[in-house]
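All values derive from a computational prediction rather than experimental measurement. So that the names make sense, note that chain A is the first sequence line, chain B the second, and so on, each numbered from 1. Both backbone and side-chain heavy atoms feed into the values below; hydrogens, waters and symmetry mates do not.
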There are 2 protein chains.
Amino acid sequence: MRTRLKDVAERAGVSVKTVSNVVNDYVHVSPELRAKVTQALEDLGYRPNLSARNLRRGRSGMIALALPSVHGPYFSELAHLIVREAEQHDLTVLIDCTYGELTREQTVAEGFRTHLIDGIILCPWQLGAADLRKREDTTPLVLLGERVSYGADAVAIDSRAVGQAATEHLLSIGRRRIGVMRHLPRNTGGVVGKIRLDGYKRALAAAGLEFDPTLVASVDRAHGLDAKVATDALLDLPEQIDALFCFNDELALVAMRRLYERGYRVPDDIAVIGVDGIAAGATITPTLSTIVPDKQQIAAEAVRMLVERIEGEPDDGARRVKAGFTLLPRESTMGLKRVRRGPRRSTKQAARS
Amino acid sequence: MRTRLKDVAERAGVSVKTVSNVVNDYVHVSPELRAKVTQALEDLGYRPNLSARNLRRGRSGMIALALPSVHGPYFSELAHLIVREAEQHDLTVLIDCTYGELTREQTVAEGFRTHLIDGIILCPWQLGAADLRKREDTTPLVLLGERVSYGADAVAIDSRAVGQAATEHLLSIGRRRIGVMRHLPRNTGGVVGKIRLDGYKRALAAAGLEFDPTLVASVDRAHGLDAKVATDALLDLPEQIDALFCFNDELALVAMRRLYERGYRVPDDIAVIGVDGIAAGATITPTLSTIVPDKQQIAAEAVRMLVERIEGEPDDGARRVKAGFTLLPRESTMGLKRVRRGPRRSTKQAARS
DNA sequence: CTGTTAGCGCTTTCAT
DNA sequence: ATGAAAGCGCTAACAG
């Protein structure tokens, strides 16, 4: 048995309350007693029992973050930002992987770590509006993404605007035959995919171009359709594409590799743009043009809304926050940085190890 | 106030104990009572209060995973695997970011979420053996990495062997002037870096080559020495290098970019190898040769050891587990896959969207 | 300013 | 097989 408040109290010759006061940094404690207590605390190596405290306080200071995965550049960065943000509010994040599975998502939405977590941030892939409507658990919940459109606070980027911006960028550099590579259906493919595709169509229309459904390739791992196969499908079209809009950067990386393998040059033959702004996109050659969602904003808004609910924001309907994004034109659309051939000295004096 | 065990008991007309038995799937409950209780449970939408349960049981089923960051390809994958692994043991993982800061690492090692977590997995960057020795908290602790060599269970890959394997690979393809790029000091640069460098030296010695300290470039962000600058330093040496061993894949990616910018071809002019096996390495061109630590094993061993400690494994000294790794030779050392020039049909019939 | 005391909701002897 | 009751360690309401 570890030392309890009571043990400390006995040792210091004071009451439990006083010790508690010291531990919790209450103001009204005489300096002498405080000193005595602090000493006893030290001597005994007291560690509060958070379970007991939480039980008593009815709050734990923990929130759950449920993501399809913490692996992968997008979610790992998001998780990181949310952890940081939560810290600002003295909240600890408990991470849960749903693997995008419906049952797990339901478990999270429906009574999950009850009374142990004060709130939940969930990024659903399969969960539907119906699930949310019949939700009985009252733990505050904030959703990430546009997938579900009912019953809880949510923060998401405007996928239509994203699709439109990417397409417009490609159009602006003179491309007219723009292939699209999207995920189906467990990823950005579902609702988000549709909306993004919608933005693509809209941009085409605005440019007076007709939408050609054969230009849309779908990656569907369940059916063995990976990004490589999808790229091939697009390349094997009778009329050659001159640009490729990938719904995320990882797809774009694979596609660019495939383009290389088949002898196409990026962006000369085919310009490529992705979405997410993963780190690798900045270092590969050509560097990858991309649309970067404002993840910091997503994290901040999600935590903010959750905290508000926890603090007792009246549940007057679900709130919906749109997060921003930035188009980052790089070499995969704008052209390669000129290269100095041969081993030469850098223009700037280079530092030695 | 949410419904408690007591409420359910009243509704079902039984005692609290019986309800508890049902909730906990105890055996000796008559079918009729069980049915009644189950019904009441449903009706009232009972959710157990985990804080109370944990207080009573003296266990929480949660472990903390403290990493410098969850962002970044290496740690995010490791985190993912540990979460998975913990799940197998009915443990929930609570993630904590230390940012590699000493005070945070100390906080984690020393009474952190006391009695709320059953154990800790910590990947320290700064924490020293002294910190561990004077550790008073008794929460089971498992360390990740070779940084700290005293006072707690640890699992790590053999950095010397890694350094040696990478170097030998470079030597085996005929390279003789092998540059090294390492991190200082908060990253793999400290202890691990030294050990890895040791492996490098050893491999050189075995090949009858002399160690040339000018071939070692150090990346040190604190002093504005990024991977680009370090690459330049290596390239500007009087005698040209023909290979580059980067202590992690992210450095290697940046280095390869810089090599491109300065007109060197990989691997023809300079072969490059990294460590970690990040995903992007498989898709960039040239694909990145790398050494892949067996992260699955690291995760499994860490959780296993922790669980053993939690279950009361006698503390008879710290245990040390070495995890394996694999050398993955790819294009950045072995040469580019041949490219079919011009838009041609793929050999295999490509699938259409 | 400090001490006493009553629970928080649950599990768990100990009876029955 | 089920019930009554005693705490787990802490906080907070209430006295003093």
Side-chain angles (χ1 to χ4, degrees), chain A residues 1-41 44-62 90 111 113-118 137-139, chain B residues 1-38 40-41 44-62 111 113-118 137-139:
Chain A
M1 200 49 48
R2 310 270 266 275
T3 69
R4 299 149 306 162
L5 224 42
K6 196 181 163 196
D7 303 321
V8 180
E10 279 169 10
R11 167 125 188 170
V14 298
S15 81
V16 188
K17 175 65 171 24
T18 305
V19 182
S20 175
N21 282 346
V22 172
V23 170
N24 293 296
D25 279 329
Y26 272 14
V27 265
H28 299 304
V29 181
S30 70
E32 343 156 24
L33 277 196
R34 178 179 297 277
K36 255 201 288 189
V37 171
T38 310
Q39 185 59 49
L41 245 21
L44 271 44
Y46 171 77
R47 325 267 152 177
N49 182 323
L50 278 319
S51 285
R53 179 180 292 175
N54 292 344
L55 172 58
R56 187 59 239 238
R57 293 221 256 237
R59 274 227 205 160
S60 67
M62 294 196 292
D90 287 315
R113 311 272 140 74
T114 16
H115 302 259
L116 216 168
I117 51 173
D118 297 338
D137 188 30
T138 57
T139 311
Chain B
M1 200 48 51
R2 310 271 266 275
T3 69
R4 300 150 307 164
L5 224 41
K6 197 181 163 196
D7 303 319
V8 180
E10 278 169 13
R11 168 123 186 171
V14 298
S15 82
V16 185
K17 174 65 170 21
T18 306
V19 182
S20 175
N21 282 347
V22 172
V23 169
N24 294 297
D25 280 327
Y26 272 15
V27 266
H28 299 304
V29 180
S30 70
E32 345 155 24
L33 276 195
R34 180 179 295 274
K36 258 202 288 191
V37 170
T38 310
L41 244 22
L44 272 45
Y46 171 77
R47 326 265 154 180
N49 182 321
L50 279 317
S51 286
R53 178 179 290 174
N54 292 343
L55 171 57
R56 189 59 239 239
R57 294 222 255 239
R59 272 228 204 159
S60 67
M62 295 196 293
R113 310 277 137 74
T114 16
H115 301 260
L116 216 166
I117 51 173
D118 297 338
D137 188 29
T138 57
T139 311

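Going from atom CD of Glu10(B) over to atom C1' of dG3(D) covers 14 Å, rounded to whole Å. Remark: P of dC10(D) and NE2 of His115(B) are 7 Å apart, rounded to the nearest angstrom. Between the CG atom of Leu116(A) and the P atom of dG9(C) there is a distance of 14 Å, rounded to whole Å. Protein atom CG of Leu41(B) is 10 Å distant from nucleotide atom P of dC10(C), rounded to whole Å. In this structure, Arg4(B) atom CZ and dG9(C) atom C1' are separated by 8 Å, rounded to whole Å. One interatomic measurement links the two molecules: NZ of Lys6(B) to C1' of dG3(D), which rounds to 15 Å at whole-angstrom precision. Put simply, CG on Asn21(A) is 14 Å from P on dT4(C), counting in whole angstrom units.
The side chain of Val16(B) sits closest to dT11(C) out of dA12(D), dT11(C), dT2(C). Residue Leu5(B) has its side chain nearest to dT11(C) when only dT2(D), dT11(C), dT12(C) are considered. Relative to the side chain of Asn24(B), the nucleotides dT11(C), dG3(D), dG3(C) differ in distance, and dT11(C) lies closest.
Between atom OG of residue Ser60(A) and atom CG of residue Leu50(B) there is a gap of 10.0 Å, rounded to the nearest 0.5 Å. Atoms CZ and OG, on Arg53(A) and Ser20(A) in that order, are 7.5 Å from each other to the nearest 0.5 Å. Rounded to the nearest 0.5 angstrom, Thr18(B) OG1 and Leu5(B) CG are separated by 10.0 Å. For the atom pair CE (Met62(B)) and CZ (Arg113(A)), the distance works out to 8.0 Å, reported to the nearest 0.5 Å. Interatomic distance, CD of Gln39(A) versus CG of Leu44(A), reported as 10.5 Å (0.5 Å rounding). Summarising the geometry, atom CG belonging to Leu41(A) is positioned 11.0 Å from atom CZ belonging to Arg34(A); distances are rounded to the nearest 0.5 Å.
The side-chain contact (heavy atoms from CB on, under 4.5 Å) test applied to Thr139(A) returns Ile120(A), Arg135(A), Asp137(A), Arg2(B), not counting sequence neighbours. Considering only residues two or more places apart in sequence or on other chains, Lys36(B) meets the side-chain contact (heavy atoms from CB on, under 4.5 Å) condition with Leu33(B). Scanning for side-chain contact (heavy atoms from CB on, under 4.5 Å) contacts around Arg56(A) gives an empty result, with sequence neighbours left out.
Taken over five-pair windows at either terminus, the axes of the helix from dC1(C)-dG16(D) to dT16(C)-dA1(D) are inclined to one another by 30° (rounded to 10 degrees).
In plain terms, the two heavy atoms of Ala12(B) and Ala40(B) that are nearest each other are CB-CB, 3.9 Å.
Remark: the backbone N or O of Ser51(B) is not paired with any side-chain donor or acceptor of Asn54(B) at under 3.5 angstrom.
For the pair Tyr46(B)/Val19(B), no side-chain contact is recorded, criterion being any heavy-atom separation below 4.5 Å from C-beta on.
Not one side-chain nitrogen or oxygen of Tyr26(B) sits closer than 4.0 Å to the OP1 or OP2 atom of dA1(D). Regarding contacts with the backbone of dT11(C), a side-chain N or O of Ser20(B) is found under 4.0 angstrom from either OP1 or OP2.
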Atom pairs, protein N/O to nucleotides 14-16 of chain C N/O, distance under 3.5 Å:
none

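Near DNA chain D, meaning a heavy atom under 4.0 Å away, the residues from residues 45-62 of chain B are Leu55(B), Arg56(B).
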